[in-house]
Amino acid sequence: MTTALLVSGSPAPADPAHLKDLAQQVDFILAVDSGADALLAAGLTPDLLLGDFDSIDPTTLERFQNGGVELQSYDPHKDATDIELALTAALELGYTSLIATRVLGGRIDHTLAALGCLARVAEQGAAVIIRESAETCVFLSASSLHTSLRIEAATEPRPAFVSLIPWAGEATVSITGVKWELDHATLTPASSLGVSNVPTGPHVDIEVHAGTVIVVLE
């Protein structure tokens with residue numbers, strides 16, 4: 001399976017070491033608008049630069065354009081965010097394993113919309129992960145091939161907390177290897193039942209029986 005990295009434009013400070021580490025794990029790098037600025041600061045070059053280019057530094061855009069990076073430019077008056085367009089582009093290129101970064105930490109409307117787009121792609125069968133410097137989000141859906149997850153909790157970096165967040169409705173989940181285990185429990189968006197569980201064993205096993213869940217590792 002080939003993997004694409006989507007670098008979005010969160011206003012949170014960029015971590016060059018984190019971006020370099022992610023870049024070594026993937027086959028293709030897609031910069032989403034000002035995500036290109038973070039890549040340039042880390043000494044990395046995207047394979048594709050996409051967006052309406054309303055937030056990218058003009059010198060970054062010119063440098064990558066002159067360097068032969070493929071550009072896909074969109075009118076700012078469009079019906080989709082840049083990250084939704086980037087997800088569509090990655091899937092059209094045949095990448096069904098996606099890592100997204102610099103998605104969190106910005107405007108709440110953009111964050112929620114991005115989570116929704118990522119969840120939709122996961123429900124369609126793609127393996128989808130958000131990897132930030134201090135947290136990871138894994139998308140699991142009963143409607144896809146990715147319904148379960150084993151977290152190795154005995155080795156570093158060991159997650160301090162594991163949260164299960166149902167997306168767009170109820171979800172039925174089981175989780176073992178944590179302080180508060182669940183067996184076919186129903187999570188709803190109106191409840192915090194799945195939040196801030198604590199690993200207790202060498203590994204944590206999660207199974208989604210119905211619905212879609214975002215597994216958040218802090």
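L48 is not listed as a side-chain neighbour of I29, based on a closest heavy-atom distance of 4.5 Å or more. The closest side-chain heavy-atom distance from I165 to V215 is not below 4.5 Å. You'll find the side chain of V103 reaches within 4.5 Å of the side chain of E132, heavy atoms only. You'll find the side chain of L104 reaches within 4.5 Å of the side chain of T111, heavy atoms only. Residues L71 and F53 meet the side-chain proximity criterion, which asks for heavy atoms closer than 4.5 Å. Proximity of L87 to L85: side-chain heavy atoms (C-beta onward) are nowhere separated by under 4.5 Å. Here the side chains of R131 and Q25 are in contact, with some heavy-atom distance below 4.5 Å. The side-chain heavy atoms of F161 and V216, taken from C-beta on, include no pair separated by under 4.5 Å.
Residue pairs meeting the salt bridge (charged side-chain N to carboxylate O under 4.0 Å, His left out) criterion with at least one partner in residues 93-103, sequence neighbours excluded, are absent. Sorted pairs that involve residues 171-186 and meet salt bridge (charged side-chain N to carboxylate O under 4.0 Å, His left out), not counting sequence neighbours, are lacking altogether. For residues 204-218, the pairs satisfying salt bridge (charged side-chain N to carboxylate O under 4.0 Å, His left out) are R150-D205, with sequence neighbours left out. Judged as a side-chain hydrogen bond (donor to acceptor under 3.5 Å, both in side chains), the pairs with a partner in residues 31-45 (not counting sequence neighbours) are, in order, D33-S55, S34-S55, D37-T60. A salt bridge (charged side-chain N to carboxylate O under 4.0 Å, His left out) check over residues 77-88, counting only residues at least two apart or in different chains, returns the pairs D52-K78, K78-D82, E84-R120. Sequence neighbours left out, the pairs with a member in residues 11-37 that pass ring-ring contact (aromatic ring centres under 6.0 Å, His included) are F28-Y95.
Without hydrogens or angle criteria, S8 side chain to S10 main chain gives no donor-acceptor distance under 3.5 Å. A donor-acceptor contact shorter than 3.5 Å links the side chain of H146 to the backbone of G125. Looking only at distances, no side-chain donor or acceptor of S191 sits under 3.5 Å from a matching main-chain atom of T188. One N or O on the side chain of N66 and one on the backbone of E62 form a donor-acceptor pair closer than 3.5 Å. In terms of modelled atom types and a separation under 3.5 Å, the side chain of N197 and the main chain of V178 share no donor-acceptor contact. Checking side-chain atoms of S143 against main-chain N and O of E123 turns up a donor-acceptor pair under 3.5 Å.
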For this session: Given side-chain contact (heavy atoms from CB on, under 4.5 Å), test T101 with L5 step by step and report yes or no.
Result: CA-CA 8 Å; T101 193; L5 172 65; 4.1 Å; yes
Exercise. Are R63 and L40 close enough, and set up right, to give a side-chain contact (heavy atoms from CB on, under 4.5 Å), and what steps lead you there?
Worked result: CA-CA 9 Å; R63 178 164 178 172; L40 181 61; 3.8 Å; yes
For this session: Could you give me the CA-CA distance, side-chain angles and deciding distance for V69 and D47, then say whether side-chain contact (heavy atoms from CB on, under 4.5 Å) is met?
Result: CA-CA 6 Å; V69 173; D47 298 288; over 6 Å; no
Exercise. Do T186 and E170 pass the side-chain hydrogen bond (donor to acceptor under 3.5 Å, both in side chains) test, and can you show the C-alpha distance, the side-chain angles, and the key distance before you say yes or no?
Worked result: CA-CA 7 Å; T186 298; E170 293 185 351; 5.2 Å; no
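Side-chain heavy atoms closer than 4.5 Å link hydrophobic residues (I, L, V, M, F, W, Y) into clusters, and following such links, possibly through other members, connects L22 to L44. Linking Ile, Leu, Val, Met, Phe, Trp and Tyr whenever their side-chain heavy atoms come within less than 4.5 Å leaves I130 and V213 in two separate clusters. Both L193 and V173 belong to a common hydrophobic cluster when Ile, Leu, Val, Met, Phe, Trp and Tyr are linked at side-chain heavy-atom distances under 4.5 angstrom. Under the 4.5 Å side-chain heavy-atom criterion for Ile, Leu, Val, Met, Phe, Trp and Tyr, L91 and L115 are members of the same hydrophobic cluster. V128 and V26 are assigned to two separate hydrophobic clusters, defined by single-linkage of ILVMFWY side chains at heavy-atom distances under 4.5 Å.
With hydrogens and angles left out, the side-chain atoms of H209 and S174 include a donor and acceptor closer than 3.5 Å.
For the atom pair T81 OG1 and Y74 OH, the distance stands at 11.5 Å (nearest 0.5 Å). Here CG of L118 is found 12.5 Å from OG1 of T212. Values are rounded to the nearest 0.5 Å. Atom NE2 of H203 sits about 11.0 Å away from atom CD1 of I151, to the nearest 0.5 Å. To the nearest 0.5 Å, the span separating CD1 on I206 from OG1 on T147 amounts to 11.5 Å. Once rounded to the nearest 0.5 Å, the distance linking CG of L182 with CG of L164 reads 7.0 Å. Here CZ of F139 is found 4.0 Å from CD1 of I214. Values are rounded to the nearest 0.5 Å.
Minimum heavy-atom separation, A38 to L19: O-CD1, 3.5 Å. When all heavy atoms of A160 and P199 are compared, the closest pair comes out as O-CD, 3.6 Å. Scanning all heavy atoms of the two residues, the minimum distance from L140 to S148 falls at CD2-O, 3.7 Å. The two atoms that bring A142 and A210 nearest to each other are CB-CA, 3.6 Å, heavy atoms only. Residues P46 and F64 come closest through the heavy atom pair CD-CZ, 3.5 Å. The shortest heavy-atom contact between L30 and A90 is CD1-N, 4.4 Å.
Surrounding CZ of R158 are more than 12 heavy atoms belonging to other residues, nucleotides or ligands, all under 6.0 Å away.
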